[in-house]
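So the structure is just underneath, and the comments pick up after that.
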Amino acid sequence: MKDVYILAIETSCDETSIAIVKNGHECIYMNVLTQMDTHANFGGVVPEIASRMHTENITMVLDDVLTKSHMQIKDVDAIAVTYAPGLLGSLLVGVEFAKTLSFLYDKPLIAVNHMAGHIYANNLTGDLKFPLLALVVSGGHTDLVIMKGDYEFEVIGKTLDDAIGEAYDKVARVLDLKYPGGPNVERLAKDGSATYNLGVPHLEGYNVSYSGLKSSVINIVHNERQRGNELNKKDLACSFQNIAIGQLITKVRKALKNEDIKNVIVAGGVSANGYLRGEMEKLCQEYHVSLSIPDFKYCTDNAAMIGAAAYPLYLKQEFATLDLNASSTTSIF
Ligand code: KG4
Ligand code: ZN
């Protein structure tokens with residue numbers, strides 16, 4: 001079969017990213033322009049600023065990708081874009097840009113869900129082998145999903161309140177760590193011990209919860225400050241991380257015991273977490289199932305994963321029309 005080249009665009013949050021992906025598995029070239037330093041000044045992403053910066057930068061990012069890949073838009077087979085979920089203003093910049101390219105160059109348009117992107121990021125370093133269990137962990141999602149085939153998602157568990165990444169970011173804030181919080185909490189936790197008693201949530205089935213854990217951390221910080229006690233931030237970060245990740249490990253273990261699973265994958269920004277990666281490796285070795293976690297560069301938001309997720313849709317000829325709209329909430333699960 002002829003090789004398929006997809007030009008993929010991702011602007012759902014604060015990264016302007018464009019990539020060219022071959023056959024859904026090989027990233028030919030990718031540019032990720034992050035706005036992180038700008039938003040760090042405000043302690044989090046400011047949606048207005050994010051969409052304005054996408055508009056300012058997207059043409060420059062495309063030019064760089066075409067130059068470095070030695071390709072032209074006429075050489076690609078389709079244009080893929082993240083249409084949901086994310087910040088509406090940010091998504092709209094990518095969607096309008098993709099629609100314009102699709103129209104001008106007469107290329108099919110593929111609408112990709114951001115969370116499918118995180119899952120299919122695993123095809124850039126390996127192969128999705130079905131039936132698989134996907135642990136989807138990001139700033140907006142904490143889901144346990146079984147996939148028996150391409151784009152067949154069955155959610156067996158999820159967070160009943162906050163997402164794990166959101167909890168990391170809130171804990172970072174209360175510990176006075178800079179945005180983005182997750183990697184900074186992890187850094188601190190590495191040198192700490194789990195000495196604080198934060199309480200472990202016990203939920204039925206495969207569901208998890210993060211709001212009680214987050215509140216426990218906030219209460220400890222406030223109480224210690226009120227009493228004028230020195231807070232051991234490293235130990236508190238470590239205690240939080242042990243329970244945050246521990247919950248996921250418990251639920252994945254339960255799924256490995258009870259469900260028919262050949263392969264486990266981890267997807268979403270929190271998959272960059274070293275402690276999670278290590279614990280998942282140990283667990284999958286114990287159960288003799290293969291584990292796939294994307295390379296670091298494909299863990300956080302990037303366009304290559306959108307190109308990877310677009311490929312099965314290209315094969316099925318599932319194309320979008322030029323009236324495609326962005327959606328901040330549409331879920332694939
Ligand atoms: O997937 P992503 O880049 O954006 C969303 O789609 O949400 O995930 C971002 C989330 C943030 O909450 C960030 O703090 C978290 O992933 N994150 C981490 C780490 N790296 C990113 N959380 C814990 N440990 C990390 N190393
Ligand atoms: Zn993401």
Side-chain angles (χ1 to χ4, degrees), residues 7-21 27 29-68 79-101 112-115 117-118 121 137-141 163-173 176-187 267-273 294-307 309 326-329:
L7 179 82
I9 300 166
E10 152 69 41
T11 62
S12 67
C13 191
D14 61 340
E15 267 90 27
T16 315
S17 182
I18 299 184
I20 295 180
V21 177
C27 178
Y29 184 78
M30 171 167 79
N31 185 323
V32 184
L33 185 72
T34 179
Q35 308 170 358
M36 204 182 282
D37 290 347
T38 304
H39 297 292
N41 296 321
F42 304 96
V45 179
V46 183
E48 281 282 316
I49 296 176
S51 46
R52 200 171 318 148
M53 288 182 80
H54 285 309
T55 311
E56 283 165 8
N57 294 327
I58 197 161
T59 317
M60 186 173 71
V61 173
L62 175 65
D63 281 346
D64 176 66
V65 170
L66 295 175
T67 307
K68 302 274 174 48
I79 313 283
V81 65
T82 308
Y83 76 98
L87 300 172
L88 191 61
S90 292
L91 288 163
L92 275 170
V93 177
V95 167
E96 292 307 318
F97 193 69
K99 279 160 57 171
T100 308
L101 294 180
V112 177
N113 186 287
H114 183 78
M115 300 319 293
H118 276 303
V137 278
S138 74
H141 281 258
I164 182 171
E166 195 182 347
Y168 263 95
D169 293 338
K170 286 188 181 148
V171 165
R173 223 179 235 253
D176 302 319
L177 302 172
K178 273 185 79 177
Y179 171 86
N184 289 326
V185 172
E186 183 188 3
R187 223 162 283 140
V270 183
S271 60
N273 184 283
D295 276 1
F296 280 109
K297 62 177 179 288
Y298 301 132
C299 282
T300 41
D301 294 348
N302 68 87
M305 69 183 196
I306 302 306
S327 156
S328 57
T329 51

Under 4.5 Å between any side-chain heavy atoms of [X] and [Y], yes or no?
X	Y	value
Val61	Phe97	no
Thr34	Thr300	no
Asn184	Lys178	yes
His114	Asp301	yes
Arg187	Leu177	no
Asp14	Tyr179	yes
Leu7	Leu62	yes

Exam field: side chain [X] to backbone [Y], donor-acceptor pair closer than 3.5 Å:
X	Y	result
Thr11	Gly94	yes
Asn113	Met115	yes
Ser17	Asn302	no
Glu15	Val32	no

Return a table of donor-acceptor pairs under 3.5 angstrom between the side chains of residues 80-90 and protein atoms on other chains or two or more places apart.
| residue | atom | partner | partner atom | Å |
| --- | --- | --- | --- | --- |
| Thr82 | OG1 | Glu10 | OE1 | 2.7 |
| Ser90 | OG | Cys13 | O | 3.3 |

Walk me through whether Ile9 and Leu101 qualify under side-chain contact (heavy atoms from CB on, under 4.5 Å).
CA-CA 11 Å; Ile9 300 166; Leu101 294 180; 4.2 Å; yes
Tell me the closest heavy-atom pair linking [X] and [Y], and the distance in Å.
X	Y	value
Tyr298	Cys27	OH-CB, 3.3 Å
Leu91	Ala326	CB-CB, 3.7 Å
Ser51	Val93	O-CG2, 3.7 Å
Ala19	Met30	CB-CB, 3.7 Å
Ala50	His39	N-CE1, 3.8 Å
Cys299	Pro294	SG-O, 3.4 Å

Distance check, rounded to the nearest 0.5 Å: [X] atom [atom1] versus [Y] atom [atom2]?
X	Y	atom1	atom2	answer
Asn57	Leu33	CG	CG	5.0 Å
Ile58	Glu96	CD1	CD	11.0 Å
Ser12	Ile306	OG	CD1	7.0 Å
Gln35	Asp37	CD	CG	10.5 Å

So, are Glu56 and Arg52 salt-bridged, with charged N and O less than 4.0 Å apart?
no
Taking only residues two or more places apart in sequence, or in another chain, which ones meet Asp64 in a side-chain hydrogen bond (donor to acceptor under 3.5 Å, both in side chains)?
Tyr29, Asn31, Lys68
